[in-house]
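Read the structure below first, then the notes.
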Amino acid sequence: EAIDWQTNLKVYGFDSLSGMTAVSQINEAFEIQISFQDLYQCATLAEVRQLLELQGAETPTVQATVPVRSESESLDRLTSILSDNQEALWAAHRLDPDNYGYNAPVAFVLNGKIDADLWSEACRRTFDSIQELRIVLQEDAEGLVDQRVYDGLEADVRIVSAVPGEDFEACLKRDCRLPFDLYAGPLCRFRLYERGDESSVFSFVMHHILCDGRSISAVVAEVLRSYQMLRSGKDLVACSTILPSFFEFIEWQKQWLITPAAETTKAYWLERLQGLSDIPTLPFAKIAEPGARFQGESVFMSVSVDLMARIRRLGVEQNVTPFVVLLSAFYSLLSRFNGSEKQALVTPFHGRTKSSFSDSVGYFLNMVPLLGDVREDLSFSALLQSVHQSVGEAMQHGDYPFARLSREFGKQSGRPLSEVIRNGFYYHNTDRDQIRQEGEGILDQQISSIHQEGEFELVMDCIQVLSLIHI
């Protein structure tokens, strides 16, 4: 498809995720330093070209490559400290080992008769081929915890026959909520539910300390690829490129945190978050019972095709993404309930600002705070522009680990940031093209009601499926 230099990039699906990836690749390819905020303000490719010309960018003579490690290097790096954000998840697990707030499940309907034996083999081969899936935690006598890749670990793969008359979705959700043992492992489960009507459901659930949503897509795609190859009688060929491991990311982050850039980012956030504790909480009709921490339920709705088209049209007119339009609406709703012009929540940031990690598996995700100002005298168009600006700034400073920022904030305010911000806004637009491609002929649809629950007090979770949005 031809790309028009003057067409608004939002028409082509440009958003914060693709923007962060583009910034990293542009800076590496042209050896310049543009910020995400600079690119985020560009409406068209013509404006992007002007931005690059102002930075003195010249056509690169060498194709940017992804650093790879040798097989021997990959085998030497089987143990690592936890990242800051992993430490926070481990602390939450110790507080309540049976909680499911950090179980991250996905489920897909499969068409036709699935060969259970080949499917089980595909899941096992995927588990064996991605070392990050075999990570477990280990604790020494002094209580210090790290993580290691346990090569003797076996995949948790099961074929389940659905019971006639039983509420299948309730059964599926119940299985997805089963807790994980972070020390014994494995920290992920593969299930194939046979429903007896020429359709099956595949679910993959893992603890978030293992990997993030983008990684889940890669794992599911690999299961589908392996099954299709086994079913056709072809030999499975492993990818020849060994991607940088998550442990290498932890080392990179450790080094980045002692740089002036990290100190500048921390200073930005601490100044931006001053006075945040004054924002009223939501007036819940019922207070959670003791022991109900990390437990949650969901209410679902789907945005109609017509309304979604209007949201996209408004975004193009205002040069903002559907993310910004829906976030602005959520801010307005929160303001109506808590009576405050100031709003605060968190949103996931992919955390892969170095392009070499773009396809790696691991818990790269980082939560970033978002602050909204919903004044009565502000038109919705003006609110969109204000939110667009604040989102751009937040993503520009998204590398600083939320767990560490929470502690630093607590030193100033007396309460950690994780206790002050208890609402979230998620917009899942992770590219599912690879899943659809590998699942051609057998993949029907994703079950949008199966997802993470219980992490915050209130979350607006927007799941993009092709041109539709499920909330």
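From a predicted model like this one, the values you see are computed outputs, not experimental measurements.
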In Å and rounded to the nearest 0.5 Å, what is the [atom1] to [atom2] distance from [X] to [Y]?
{"X": "Phe247", "Y": "Ser360", "atom1": "CZ", "atom2": "OG", "result": "12.5 Å"}
{"X": "Phe323", "Y": "Ser328", "atom1": "CZ", "atom2": "OG", "result": "9.5 Å"}
{"X": "Phe380", "Y": "Leu314", "atom1": "CZ", "atom2": "CG", "result": "6.5 Å"}
{"X": "Phe456", "Y": "Ile421", "atom1": "CZ", "atom2": "CD1", "result": "8.5 Å"}
{"X": "Thr265", "Y": "Leu405", "atom1": "OG1", "atom2": "CG", "result": "10.5 Å"}
{"X": "Gln389", "Y": "Glu393", "atom1": "CD", "atom2": "CD", "result": "5.0 Å"}

Determine whether a donor-acceptor pair (N or O, by modelled atom type, separation under 3.5 Å) exists between the side chain of [X] and the backbone of [Y].
{"X": "Glu408", "Y": "Ala267", "answer": "no"}
{"X": "Asp444", "Y": "Leu110", "answer": "no"}
{"X": "Arg134", "Y": "Phe127", "answer": "yes"}
{"X": "Arg352", "Y": "Phe357", "answer": "yes"}
{"X": "His208", "Y": "Cys211", "answer": "yes"}
{"X": "Gln86", "Y": "Ser83", "answer": "yes"}
{"X": "Ser215", "Y": "Gly362", "answer": "yes"}
{"X": "Ser335", "Y": "Tyr331", "answer": "no"}
{"X": "Gln147", "Y": "Val136", "answer": "no"}
{"X": "Arg189", "Y": "Asp175", "answer": "yes"}

With side chains defined as the heavy atoms from C-beta onward, is the minimum distance between [X] and [Y] less than 4.5 Å?
{"X": "Leu345", "Y": "Phe330", "value": "yes"}
{"X": "Ile471", "Y": "Ile469", "value": "yes"}
{"X": "Arg312", "Y": "Val316", "value": "no"}
{"X": "Val149", "Y": "Thr79", "value": "no"}
{"X": "Val324", "Y": "Leu384", "value": "yes"}
{"X": "Trp90", "Y": "Leu82", "value": "yes"}
{"X": "Arg272", "Y": "Ser390", "value": "yes"}

Subject >> Side chains of His451 and Ser298, donor plus acceptor under 3.5 Å >> reply: yes
Subject >> Passing option when Asp461 is tested against Glu453, Gln452, His428 for side chain to side chain contact (heavy atoms under 4.5 Å, CB included) >> reply: His428
**OP:** Please determine which of Pro105, Cys188, Pro186 meets the side chain to side chain contact (heavy atoms under 4.5 Å, CB included) test together with Met206.
**Re:** Cys188
Might you point out which heavy atoms bring [X] and [Y] nearest each other, and give the distance in Å?
{"X": "Leu365", "Y": "Asn85", "result": "O-ND2, 3.6 Å"}
{"X": "Asp84", "Y": "Ala403", "result": "O-CB, 3.4 Å"}
{"X": "Cys176", "Y": "Val205", "result": "O-CG2, 3.7 Å"}
{"X": "Ser381", "Y": "Gln318", "result": "OG-NE2, 3.5 Å"}
{"X": "Leu282", "Y": "Leu458", "result": "CD1-CD2, 3.4 Å"}
{"X": "Ile250", "Y": "Ser80", "result": "CD1-OG, 3.6 Å"}

Describe, in one word, how the ring planes of [X] and [Y] are oriented to each other, choosing from parallel (under 30°), tilted (30 to 60°) and perpendicular (over 60°).
{"X": "Phe190", "Y": "Phe204", "result": "tilted"}
{"X": "Tyr102", "Y": "His207", "result": "tilted"}
{"X": "His397", "Y": "Trp269", "result": "perpendicular"}

**OP:** Please report the C-alpha distance between Asn338 and Gln343 in whole Å, then the side-chain angles of each, then the deciding distance to 0.1 Å, and finally whether the side chain to side chain donor-acceptor pair (under 3.5 Å) criterion is met.
**Re:** CA-CA 9 Å; Asn338 67 10; Gln343 300 299 326; 2.9 Å; yes
Original post:
So, Arg375 and Asp377, do they make that salt bridge, N to O below 4.0 Å?
Top reply: yes
Original post:
Hey, are Glu251 and Lys354 close enough for a salt bridge, meaning a charged N less than 4.0 Å from a carboxylate O?
Top reply: no
Subject >> Pair Asp373-Lys342, salt bridge (Lys or Arg N to Asp or Glu O under 4.0 Å): steps then yes or no >> reply: CA-CA 5 Å; Asp373 189 358; Lys342 304 291 184 181; 3.6 Å; yes
Original post:
Does Phe409 have any ring pair (Phe, Tyr, Trp, His ring centres under 6.0 Å) partners at least two apart in sequence or in another chain, and if so, which?
Top reply: none
**OP:** Check the pair Glu248 / Lys254 against salt bridge (Lys or Arg N to Asp or Glu O under 4.0 Å), numbers first and verdict last.
**Re:** CA-CA 10 Å; Glu248 290 175 88; Lys254 178 182 175 182; over 6 Å; no
**OP:** Determine, using ring centers only, whether Phe246 and Tyr363 are less than 6.0 Å apart.
**Re:** no
Original post:
Can you name the residues that form a side-chain hydrogen bond (donor to acceptor under 3.5 Å, both in side chains) with Ser302, not counting sequence neighbours?
Top reply: His470
**OP:** Please test Asp399 against Asn366 for side chain to side chain donor-acceptor pair (under 3.5 Å), starting from the C-alpha separation and ending with a verdict.
**Re:** CA-CA 7 Å; Asp399 277 323; Asn366 186 39; over 6 Å; no
Original post:
Could you go step by step and tell me if Ser245 and Glu132 meet the side chain to side chain donor-acceptor pair (under 3.5 Å) rule?
Top reply: CA-CA 8 Å; Ser245 74; Glu132 282 77 7; 4.6 Å; no
**OP:** Mark yes when over 12 heavy atoms from residues, nucleotides or ligands other than Gln255 sit less than 6.0 Å from its CD; otherwise mark no.
**Re:** yes
